[in-house]
Amino acid sequence: MLRSLNFSRRRLLQGSAAALAAPLIGVGPARAATPTVGFIYVGPKNDFGFNQSHAEAVALLRKAKPDVKYLEEEKVPETSAAEKTMESMIKLDGASLLFLTSFGYFDPYMLRVAQKYPNVQFRHQGLLWNPDKNPKNTGSYFGYIGDAIYVCGVAAAKASKTRKLGFVAAKPIPAVLRSINSFLLGARSVDPSLTVQVIFTGDWSVPSKEAEATNALADAGVDCVNCHIDDLKVVLGVADQRNMFSFGLNTDQSTLAPKGYVTGALYAWDKIYGEFIDDLAAGKPLPNLLKGSFAEGFVRMGPFGAAATPEIKDAVKLAAAELTSGQRKIFTGPLKDNKGAEVLAAGQSVAAADPTLGKMNYLLDGVIGSIP
Amino acid sequence: MNAQPFGFRSVRTAEAAALPIGALIASATAFGLIVAALGDDPFEVYRMIFVGGFGSWFSWENTLQRVAPLLLTALCAALPAQLGLAVIGGEGAFALGGLAAVEAAILASRAPAWLDIAAMLTAGMAAGALIVGAAGFLRAWRGVSETISSLLLNYLAIAVFNQLVEGPLRDSSDLNRASTFPVPEQAMIGTIGDSGLHWGLAVGLAACVGAWVVIFRTTTGFSMRIAGGNAQAARTVGIPVDRLIVGACTIGGAAAGLAGAIETAAVYERANNSLIAGYGFSGILISFIARHNPLLIIPAAILFGGIGASGGLIQRRLGLPDAAVTVLQGCTFLMVLMAETFRGRSLRDLVLGEARTS
């Protein structure tokens, strides 16, 4: 017993050197035959919102395509920490394809890392990629969620008793304005007299203002509320208390509003990621840009909630089917903004992917409220 | 101090080493127990922290990149702490420093590069100095608690920052995110050689060494420490305590502002709300772990930076949530502070419960 403890100093040094070196072995890049794909999220994976929609897609892919190695990292800030996360996934885990799910990762962080690692592919959520300026190993992917929000508008028009709809919005950026306008157009496709009252809270997550806004809408007689914010718990909770119909965004939130939830607008990231990953596994070059709507399967309607009547369900299914087939066009003239200026002349129509829609800076006629 | 038993110096040295090391072991153990309670292997977690923070040159780069701003924001707390002040205004000073730096660099973009950089860094320091210096001034002039005023000034600074970035200083070409115009190419701060590290690390290290020299090797530093020990006594012997308070806060704020300026010019390229990522608040923790000694800030920041850098690997390899490393950082902070209460007490005192007053 005593003897076994009697190490010489050299033995001890050797031992501790080995102990220190041991972890280094087997942590080199695992660049084997299995393709390795990394996902970087700005928020927590269980936020009941945007980040969770990506994490759920990855969970589906883990089952559907188990031959691929999946790496996930949550709460990565849009700072140089994001660069280090990308490099860490590449160098320590051997990732050859990275998906960056938050807007602020693109410039300068992803562009810098992409230049440093030309053999790794980078795809960024959104439509920022510019083929003339950005590296060839970068790209964008996007689902036109506004089309699914339009279908929520159709459902709201069928559900509303007071004939007043409401919308709680974060910031007046083009993507959010498009959500509001799409909701209105969906509702007006059923009943052209409907209005949508909008309240901007000013930021992506301000629970106190979101509660206030939802209550203010209820007080104004609104009985259908939709929203474009980060975390929908507060709005859906208040909506249920005030006996309003409510709609979800990004992930299935029907459990948050067990009484009034109708349906939700969902991204189908698993479809988009699956297409990239199939190409990667087959050794084919990846597309730089993947974008689409119902037809491509990149957006879909969420499960119906308790408030969805058979009539609503039929209307939702019909609208989604017509958008898929291209029979129905959301942005069809004549359209005016709510200050009276013409947006689209009679007879004109623009497709979901039209770049002018990505620069939207107006609220359509029928939206009550103004851009702050 | 009372008379000490024999071997006073060696006992003190041993104690100075034993307390932080003991605190680190205790925090690692506590964290290991939490990990084990969650059903994971604590030794695997320790191994990943080592690999992710210190296991390779890449990991060191990752760690040191986080360290660079922390060295300067820690000084923002450590300098006033010599006078017994608890200043927590680093976060606001960091953000405003970054914003002022971008705007100065844009205004001076026609000047030669060296002048542009000088204007940029000076503006960053001035903005930080102004906001934390104000807390020092209120303390010296009216006896306002510098802790409360600097805390509240953070909110003020961040509100002003957001207002300017979303309003008059916004680059309107980006509809989706409020940012300022970028720092001109010539004023960008580059990397040290081929490493992934920017010159801010060297500036931070130099600032820590410089602050140590001032505090422990000059009469000004001696005056500061006397005033920190007993302000009344210091005033009696003619030390300008109020001037020292305003000075320490101003220079501390300038350090945090400089950190914001360097990070913006080396990493962010523009000022936007990514700047408000907690560097100022982390600096306070590091200053406390270092017992407000500027030289000890360096290892403390490396430890914190390394734990932070390993967070990604722990998530990916072990499936632990991002909060795991935050819990470890929190454990470390608590244990180091608790260990401080043992300072100057022998084991016998502790066992018998006789606290020696010192």
Side-chain angles (χ1 to χ4, degrees), chain A residues 19-24 26-28 36 38-41 43-46 69-93 95 103-109 112-113 116 126-128 171-177 202-203 358-361, chain B residues 43-44 46-52 54-59 61-66 68-69 162 166 174-179 182-183 188 196-198 200 263 266-270 272-279 305 308-317 319-323 325-326:
Chain A
L20 282 174
L24 299 175
V27 254
T36 303
F39 297 84
I40 301 178
Y41 315 131
K45 283 195 279 188
N46 55 357
K69 197 172 149 200
Y70 299 90
L71 312 167
E72 289 175 274
E73 202 169 318
E74 63 174 351
K75 288 175 87 172
V76 177
E78 293 167 340
T79 67
S80 56
E83 277 180 70
K84 288 299 172 195
T85 291
M86 290 177 230
E87 288 200 71
S88 178
M89 285 181 166
I90 295 165
K91 283 196 162 178
L92 300 183
D93 289 332
F103 184 81
Y105 293 143
F106 188 80
D107 187 10
Y109 311 112
R112 278 207 290 248
V113 180
K116 204 168 158 188
L127 291 168
L128 293 176
K171 295 186 178 203
I173 64 169
V176 174
L177 297 177
D203 218 330
K359 295 186 187 128
M360 198 173 275
N361 60 357
Chain B
F43 294 98
E44 190 59 18
Y46 297 147
R47 193 173 80 92
M48 283 302 144
I49 291 173
F50 176 77
V51 170
F54 312 101
S56 63
W57 172 239
F58 168 74
S59 303
E61 265 186 17
N62 192 350
T63 299
L64 292 176
Q65 183 170 9
R66 288 160 202 263
N162 283 332
E166 287 179 18
D174 188 343
L175 294 171
N176 287 296
R177 185 172 203 194
S179 294
V183 174
M188 292 293 292
L197 301 167
H198 60 77
E263 283 299 295
V267 176
Y268 297 89
E269 296 179 3
R270 302 163 183 265
N272 56 38
N273 62 6
S274 291
L275 269 176
I276 303 159
Y279 283 121
S310 67
L313 207 59
I314 291 178
Q315 277 192 46
R316 301 199 304 266
R317 295 276 177 89
L320 286 172
D322 165 73
V325 292
T326 318

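Considering only heavy-atom pairs separated by less than 4.5 Å from chain B, the leading option among K84(A), M89(A), K45(A) is K84(A). Heavy-atom pairs under 4.5 Å with chain B peak, among P77(A), P174(A), G104(A), A175(A), at P174(A). Top candidate by heavy-atom pairs under 4.5 Å with chain A, chosen from S59(B), A309(B), G312(B), is G312(B). Most heavy-atom pairs under 4.5 Å with chain B, from the set K116(A), E87(A), K359(A): that is E87(A).
With values rounded to the nearest 0.5 angstrom, K75(A) atom NZ is found 9.0 Å from Q315(B) atom CD. Note that CG of L71(A) and CZ of R317(B) are 8.5 Å apart. Values are rounded to the nearest 0.5 Å. Atom CG of N273(B) sits about 7.5 Å away from atom CG of D203(A), to the nearest 0.5 Å.
When heavy atoms are compared at a cutoff of 4.5 Å, E61(B) approaches chain A by way of both its backbone and its side chain. Contact annotation for Y109(A): only side-chain heavy atoms (C-beta onward) come within less than 4.5 Å of a heavy atom of chain B. Looking at K171(A), the atoms closer than 4.5 Å to chain B (heavy atoms on both sides) all sit in the side chain, from C-beta outward. Contacts of P182(B) with chain A are absent, with no heavy-atom separation under 4.5 Å from either backbone or side chain. For E72(A), the part lying near chain B is the backbone, with the side chain staying farther off; criterion is any non-hydrogen pair under 4.5 Å.
The shortest heavy-atom contact between S88(A) and F58(B) is N-CZ, 3.3 Å. In terms of heavy atoms, R316(B) sits closest to D93(A) at NE-OD2, 2.7 Å. Considering every non-hydrogen atom in both R112(A) and V267(B), the closest pair reads NH2-O, 2.8 Å.
For the ring pair (Phe, Tyr, Trp, His ring centres under 6.0 Å) test, residues two or more places apart in sequence or in another chain that qualify with Y46(B) are F43(B). Legend: residues meeting ring pair (Phe, Tyr, Trp, His ring centres under 6.0 Å) with F106(A), ordered by chain and number and at least two apart, are H124(A).
Taking the side chain as every heavy atom from C-beta outward, S56(B) and K91(A) never approach each other to under 4.5 Å. Between T79(A) and R66(B), every side-chain heavy-atom pair lies at or beyond the 4.5 Å cut-off.
A donor-acceptor distance shorter than 3.5 angstrom exists from the side chain of E74(A) to the backbone of D322(B), with no hydrogens or angles considered.
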